[in-house]
Amino acid sequence: MTALRTVKNIALCFVAVSLTAACEGNGNGSSTPTEVKTFHYSMRSSPGSLDPARVSTVSANVMVQTLYDSLYAYKYLQRPYELKPRLAAAMPEISDDGLTYTIRLKQGIRFADNRAFSNGRGREVVAEDFVYALKRHFDPDSRSVAAWIWQGRIVGLDEWKRNGADYDQPVKGLQAIDRYVLQIRLTRPYPQLVHNLAMGPSAAVPREAVEFYGREFSVNPVGSGPFRLISYDATEAVLVRNENFQREPVSLAEEGYDPITQGQYGLEVIDGRRAPFIDRLEISFIDEGSARWSSFTKGNEVQMAGVPAEQVYRVLESRDPVVLKPEYARKYHMSTEKEAGFVYTAFNMDFPETGYHPDPVRNERNRALRCAIMKARDWNARNDSWYGGLGEIFPGIIPSSVPEFDPELSRESVEYDPEGARALLAEYGWNAGNLPELVYSSQPGPTSRLFFEQFRGWLTNIGYPKEKIILKTYATFADLSKAWHNSEEQLLSLGWLLDYPDAESSLQLFYGPNRSPGSNSSNYSNPEYDRLYEATSVMQPSAERTALYRQMNRMVIDDCVVISGLSRVGIALWHKNVVALPDNNFVGGQFLQYVDVLDKAVGSAVR
Amino acid sequence: MNAAAEAMQRRHGDSLWNKAWRKFRHDRVGVVALLVVCAYAIVALGVVLGWWATGWADISGPKWAPLSSEHWLGTNIIGQDIFSRAVYSTRTAFEVGLIVALGATFIGAVLGAIAGFFSATWIDEAVIWLMGVLDSVPFILLVAAIAYSLQDSPWAMHIAMIATFWIGTARLVRGEVIKLKGQEFVESAHAIGLGRMTIIFRHILPNTFHVLLVQATLSFVAAIKSEVILSFLGLGVKDGMSWGLMISESTFEVLAGYFNNFIAASVLMFGLVMAFNMFSDALQDALDPRTVK
């Protein structure tokens, strides 16, 4: 009897396993279990929450962009970046005064099937879903970390929050005109709005899913993106193709494909096909760069990885131009990607020792001191030590990843000039005795400590007494960030990633009204700069606006308020049978829908 | 009196310390270890007095410069001289070792002596309870917790180590005092009306110095090793340089195939810890009343 039951159980298990495998295969329409196309990807950290309202890290944004849909997106291959409609049927219709945006949605787009819906079938995405998604950011229960994007910009949205965040109450400036038309009315012109509608936090969210899952919604995502989640923990997320994701076939020409610079990747195979091309996406969260590298080079695990800085010299034959060693070029595709952002060190101008001082003479001496410290910075050494010598050094706060970058701008502010620094200090009466203490705040850890030592080394080279440069460590980045936002730190060493390809994203870091606890952590206050910022904030992209942006950039440099900057360049490698072109900047996680995995290597060797 | 008789009398009249010293001198390994420790101490003293390694923080060369007459052990990832940093770290090792050894020995001696003298009373139980509680937490976890909670203080690491290292000393001293307090000289002290604290600290505790000396050397070694671990974890030295920090900094370099920083710190630390351990063993042998003749 027992033996019979055992045999019966085994048989049942076999049937169940077979059915499960067959169901997964059916998602692809024709695949059998052995033909499931799987792409193994990795990211540095676990995203934490998968709720679009809680997106605060790069990895969370990648996941959200893979699971959800936004109105707009960046073209997969176009550089410089260019927006395209995603769930929107076209680019928005903007009123003449720049205050009203009318957005028409594609019809027939459906959310992924989920038990949150009645009968379990994903319903159609409608304009009301975007109204709901944006309202959620202003609902205290959502604990949104992205409300700042729309704060004070949409008519009535802030009042809606103040009045109790009742979803049944309409917001004047955020309305679904009908099932497929969304209208947004702004309090004042905001040309960057369309960029914001391409970000993960603006994704369409179905209200019934949020209400069904409650707090668990953060780990039970329900979107209309190319993939849906089937399992998720701190080490791995497994996603499968969203069967309801039906979009136009990929047009390489429309995506901005450039056969000269991108021809070696074999991307032609996706032209004319409907994304996504893989059935299963396995994303491992591997914090340690060397572990990720090891997993990648094993061959049967992660199929795409960034080259850790410490491996750059082993992997590359040449850094300028970037060329792989033959043994790597034979096995992998490679792309280089410059971050849309930069690293910099800013002075907190609230500190009278080095910042603004009520005495005009001392104020001018402080400016000279900051300029001397700026001249003492050896950007090339920093690039060589920490970024494999691949980073791009540029003057000011407008990096070359945005169209407003000024290639003609003097590079004096990023040139290593210790003699000039010493002369400047002497000219303004600074000496070892009267130089003020500099407190360098940082996180604990060997790399942070070496950053400090390098900074101190540069300053001792210009005669700054070693004992006057003090390291102050915080237990966590959150503590450090809090201290910055409370204007408690004299020097801020930061990395900044632009939210969209518009220099406004970095210029706002020095806008007076944004002072601490806002994003202007250096508490820079220059009325002329603020006037120009306000003037440009309502201007559409134009030559005139670019000229004003550049003028603001020069102000920040001339006031020596920031030592900037360097855009890091990463090298991505992926297996030859993978068709892809990764992007960690603005395309972000959306590139995963274009990944294909073939049986054989594609493209040409990269050397 | 013949020479043999003189020698015998001298032997019988010798103190424990004289006998131990005589025994120690004949322990070649112990003597060599002491010389090595002294050499390290001289290096550390030179750093304190500014004779050498003054440029440990300077960026004096290119990144990862090879061994040369200018940079004997090459340079690190930001161009600092590895030899200077390794030498400077000797001072840190001695500073941490001495402070922790003295602090832990002092606290261990006082609490151990009091517990031993008042054995089987609530005072003894309180001290034993405290030791038991501290002992029940894994050592590194406890040290890391204390160092973490006091991390704004440059003395956090020292306090953390002292707070845990005194326990071993206290246990030994307690046992020794329990043994001593029944002896005649203590009874005599009681008989002439001396106070209890006077008896503990003037009459009993000096008789445990041989234990304290060995424990201090062991604490010294443990402190150096713990400093390396704590610094590696980012909970150690705040300002200055140490072998732990050097090893911690070298992780990036080792992955890139550059080992100078790692080797320099490891070898110097190994040398000092090894020498101190051997010296400690020799000292223990020399001071062991069962073997001192």
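Proteins come first, then strands; the chains are lettered A, B, ... in the order of their sequence lines, and each starts at number 1. On a predicted model such as this, the values are computed, not experimentally measured, just so you know.
- Residue B:Phe259 qualifies as enclosed at atom CZ: its count of foreign heavy atoms under 6.0 Å is above 12.
- For B:Leu245, the part sitting under 4.5 Å from any heavy atom of chain A is the side chain, from C-beta outward, and nothing else.
- Across all non-hydrogen atoms, the minimal contact from B:Val237 to A:Arg449 is O-NH1, 3.7 Å.
- Contact check for B:Ile77 versus A:Trp386: side-chain heavy atoms found under the 4.5 Å cut-off.
- If you take CD on A:Glu453 and CG on B:Asp58, they are separated by 10.5 Å, rounding to the nearest 0.5 Å.
- Surrounding CH2 of B:Trp52 are more than 12 heavy atoms belonging to other residues, nucleotides or ligands, all under 6.0 Å away.
- Highest contact tally toward chain B, considering only A:Ser448, A:Pro446, A:Gly457, is held by A:Pro446 [criterion: heavy-atom pairs under 4.5 Å].
- When all heavy atoms of B:Ala57 and A:Lys466 are compared, the closest pair comes out as CB-CD, 3.6 Å.
- No donor-acceptor distance shorter than 3.5 angstrom exists from the side chain of B:Lys63 to the backbone of A:Ala381, with no hydrogens or angles considered.
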Requested in this report: Kindly indicate, with the supporting measurements, whether the criterion side chain to side chain contact (heavy atoms under 4.5 Å, CB included) is fulfilled by B:Ile59 and A:Asp378.
Outcome: CA-CA 11 Å; B:Ile59 298 173; A:Asp378 186 349; over 6 Å; no

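- Taken to the nearest 0.5 Å, the CG atom of B:Leu255 stands 7.5 Å off from the CD atom of A:Glu288.
- The environment of A:Tyr416 atom OH is dense: over 12 non-hydrogen atoms of other residues, nucleotides or ligands sit within 6.0 angstrom.
- Few gaps surround CZ on A:Phe285; more than 12 heavy atoms of other groups in view lie less than 6.0 Å from it.
- Judged by distance alone, with hydrogens and angles left aside, the side-chain atoms of A:Ser385 form no donor-acceptor pair with the main-chain N or O of B:Ile78 at under 3.5 Å.
- Residue A:Trp458 touches chain B through both its backbone and its side chain, counting heavy-atom pairs closer than 4.5 Å.
- Heavy-atom distances place the side chain of B:Gln80, and not its backbone, under 4.5 Å from chain A.
- Heavy atoms closer than 4.5 Å to chain B are found in both the backbone and the side chain of A:Leu450.
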